[in-house]
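Read the structure below first, then the notes.
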There are 2 protein chains.
Amino acid sequence: MLSHFTVDCVIYTFHEAQLKILLTERNEYPYKGWWALPGFFVEKDEEMEDAVKRISYENTGLKDIYLEQLAAFAGVKRHPEGRILTVAYVALVRYENVKNKVKPVTSYMKQAKWYPINHLPDLAFDHREIIELSVEKLKKRLSYSLAPFELLPEKFTLTQLQQVYEALLGETLDKRNFRKKMNNLGYLKELDEFQTGVSYRAARLYKLDRRKFQKLVD
Amino acid sequence: MLSHFTVDCVIYTFHEAQLKILLTERNEYPYKGWWALPGFFVEKDEEMEDAVKRISYENTGLKDIYLEQLAAFAGVKRHPEGRILTVAYVALVRYENVKNKVKPVTSYMKQAKWYPINHLPDLAFDHREIIELSVEKLKKRLSYSLAPFELLPEKFTLTQLQQVYEALLGETLDKRNFRKKMNNLGYLKELDEFQTGVSYRAARLYKLDRRKFQKLVD
DNA sequence: AATATAGTGTGTATTTTTTACACTATTAAA
DNA sequence: TTTAATAGTGTAAAAAATACACACTATATT
């Protein structure tokens with residue numbers, strides 16, 4: 001007797017200075033018409049991570065996204081039709097890459113939509129609990145995590161980076177101290193490029209130096 | 001169709017200045033005669049945590065132990081008889097409480113034994129991988145974790161506490177700096193009691209002030 | 001009684017990190 | 001040319017982390 005279980009994805013992005021999560025409106029019972037995390041059953045011979053990639057692809061059109069396992073949820077009562085275990089994953093995507101691609105590709109959901117983490121609708125199953133745990137975890141790991149850089153464009157301004165930190169920590173940070181610290185960490189590459197299309201002083205763009213970042217984490 | 005899955009427990013203790021894990025010798029196929037983490041199938045109407053408690057109780061005689069979910073493992077090939085998902089938990093116990101209680105209470109294992117984390121035997125399934133991940137996680141969280149205090153007796157010496165830190169970090173620490181820091185954190189209660197039965201100067205005993213610890217973590 | 005043993009317990013100076021805080025510079029649009 | 005909006009910058013003070021060595025004490029041994 002083999003294991004039969006689902007995966008659910010908490011797909012984050014950063015847009016308009018806010019952290020947002022992709023939710024889908026279910027078109028199937030149970031919880032038909034409710035908002036839920038994208039998720040589905042894992043096939044018999046399918047690796048969990050591949051299932052997560054499949055689901056994220058269906059929902060964002062993106063392959064090769066940043067993934068991390070969050071936890072397993074298996075409450076006896078979590079699913080109204082009997083105990084179904086789910087393994088929740090966190091995925092981080094760049095908004096620029098997905099903004100035009102989000103649409104329901106499958107028959108079992110009506111639509112997909114980005115919701116700011118502070119303004120979520122009522123959610124199916126125990127999905128709110130899953131999301132809350134995922135925020136907690138991102139927060140805790142922030143200081144040694146790639147997360148901010150997976151959420152931002154490849155080239156970003158220091159203000160954007162600070163906004164990601166602020167959104168995750170839920171508090172505002174001092175601009176000068178934030179910049180000083182980021183520069184001292186030494187894994188930001190200052191580019192000779194600047195923002196375009198803004199009606200005020202254009203900010204300098206930065207890139208993450210992944211090699212230096214990795215060295216520091218070890 | 002409901003979920004059918006197992007839980008596996010990485011049960012840690014601290015003894016003889018070493019971190020140790022409880023392993024059981026399997027008395028059933030597959031992997032009969034191999035060492036493995038204590039684990040078993042979760043009953044149909046049983047909460048995961050209750051299954052973990054049941055298994056820890058069978059193996060250590062202890063109830064109410066410190067538990068934390070580690071991760072789900074579901075590799076298609078992890079179990080030779082077909083994909084079985086397992087949810088791994090970390091449990092922390094005090095050696096003084098279990099030292100005489102560890103014995104195989106069930107028919108499916110021959111014996112149970114504490115192994116230092118640096119000298120593990122060959123292990124069944126993907127259990128080595130599970131253990132490695134658990135050590136990583138304990139290490140990362142050390143600075144804001146109750147783990148050291150769950151592994152030590154209620155009343156402990158600063159040297160013992162330092163040994164737990166050193167075992168988890170895999171490096172030695174300076175005694176004076178360690179003590180200064182622990183005292184400054186402010187959640188250790190200095191007792192008017194001292195070690196007994198040692199043939200050298202008896203060390204002062206300390207207790208964790210859980211209330212102050214909690215305040216600091218928030 | 002003297003000595004060996006083994007671990008306890010303590011202070012200071014230096015460096016590094018963190019914090020608090022306010023103004024000038026640049027650009028586009030009105 | 002003025003206004004509105006955001007970018008970008010330095011210093012002083014406090015707190016935390018680090019490096020480092022020796023005297024103390026309880027017991028066991030002779």
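In what follows, every chain begins at residue 1, and chains take the letters A, B, ... in the order their sequences are listed.
- Among the heavy atoms of the strands lying under 4.0 Å from A:Arg179 is at least one base atom, whether or not backbone atoms are also near.
- Residues A:Tyr200 and A:Asn177 each lie close to DNA chain C; by heavy-atom proximity, the contact nearer the 5' end of the strand is made by A:Asn177.
- Contact annotation: side chain of B:Arg201 to base of D:dA26, donor-acceptor pair absent below 3.5 Å.
- We find that A:Glu150 and A:Arg210 are joined by a salt bridge, their nearest charged nitrogen and carboxylate oxygen being less than 4.0 Å apart.
- Within 4.0 Å of B:Asn184, counting heavy atoms only, lies no atom of the nucleic acid at all.
- Put simply, the side chain of A:Lys180 and the base of C:dT17 share no donor and acceptor less than 3.5 Å apart.
- Atoms NZ (B:Lys175) and P (D:dA17) sit 20 Å apart, rounded to a whole Å.
- For B:Lys155, the NZ atom counts as loosely surrounded, since its 6.0 Å shell holds 12 or fewer non-hydrogen atoms of other residues, nucleotides or ligands.
- Spacing between atom CG of B:Leu188 and atom P of C:dG9 amounts to 13 Å, rounded to whole angstrom units.
- Here A:Arg78 does not pair with B:Glu47 in a salt bridge; the nearest charged N to carboxylate O distance is not below 4.0 Å.
- The CD-C1' distance, from B:Glu190 to C:dG9, rounds to 11 Å in whole Å.
- The side-chain tip of A:Lys212 does not point at the ring of A:Tyr187 from less than 6.0 angstrom away and within 45° of straight on.
- Between A:Asp174 atom CG and C:dA20 atom P there is a gap of 8 Å when expressed in whole angstrom units.
- Defined by atom type and a distance below 3.5 Å, a donor-acceptor pair is missing between the side-chain atoms of A:Gln163 and A:Tyr165.
- Toward the 5' end of DNA chain C, the nearer of the two residues A:Lys181 and A:Ser199, judged by each one's closest nucleotide, is A:Lys181.
- Taking atom CD of residue B:Glu193 and atom P of nucleotide C:dT8, one finds them 17 Å apart after rounding to whole Å.
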Verdict with reasoning, A:Arg204 to A:Leu158, per side-chain contact (heavy atoms from CB on, under 4.5 Å):
CA-CA 8 Å; A:Arg204 182 182 289 277; A:Leu158 291 180; over 6 Å; no

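- Other residues, nucleotides and ligands contribute over 12 non-hydrogen atoms within 6.0 Å of the CG atom of B:Asn184.
- Annotation: proximity of residues 164-173 of chain A to DNA chain C (heavy atom, distance under 4.0 Å) is found for no residue.
- Distance B:Tyr206 OH to C:dG9 C1': 9 Å, rounded to the nearest Å.
- The nearest whole Å value for the distance from the CE atom in B:Met182 to the P atom in C:dT8 is 16 Å.
- Between B:Leu158 atom CG and C:dT8 atom P there is a gap of 9 Å when expressed in whole angstrom units.
- A:Thr159 comes within 4.0 angstrom of sugar-phosphate atoms only, judged by non-hydrogen atoms across all strands, and of no base.
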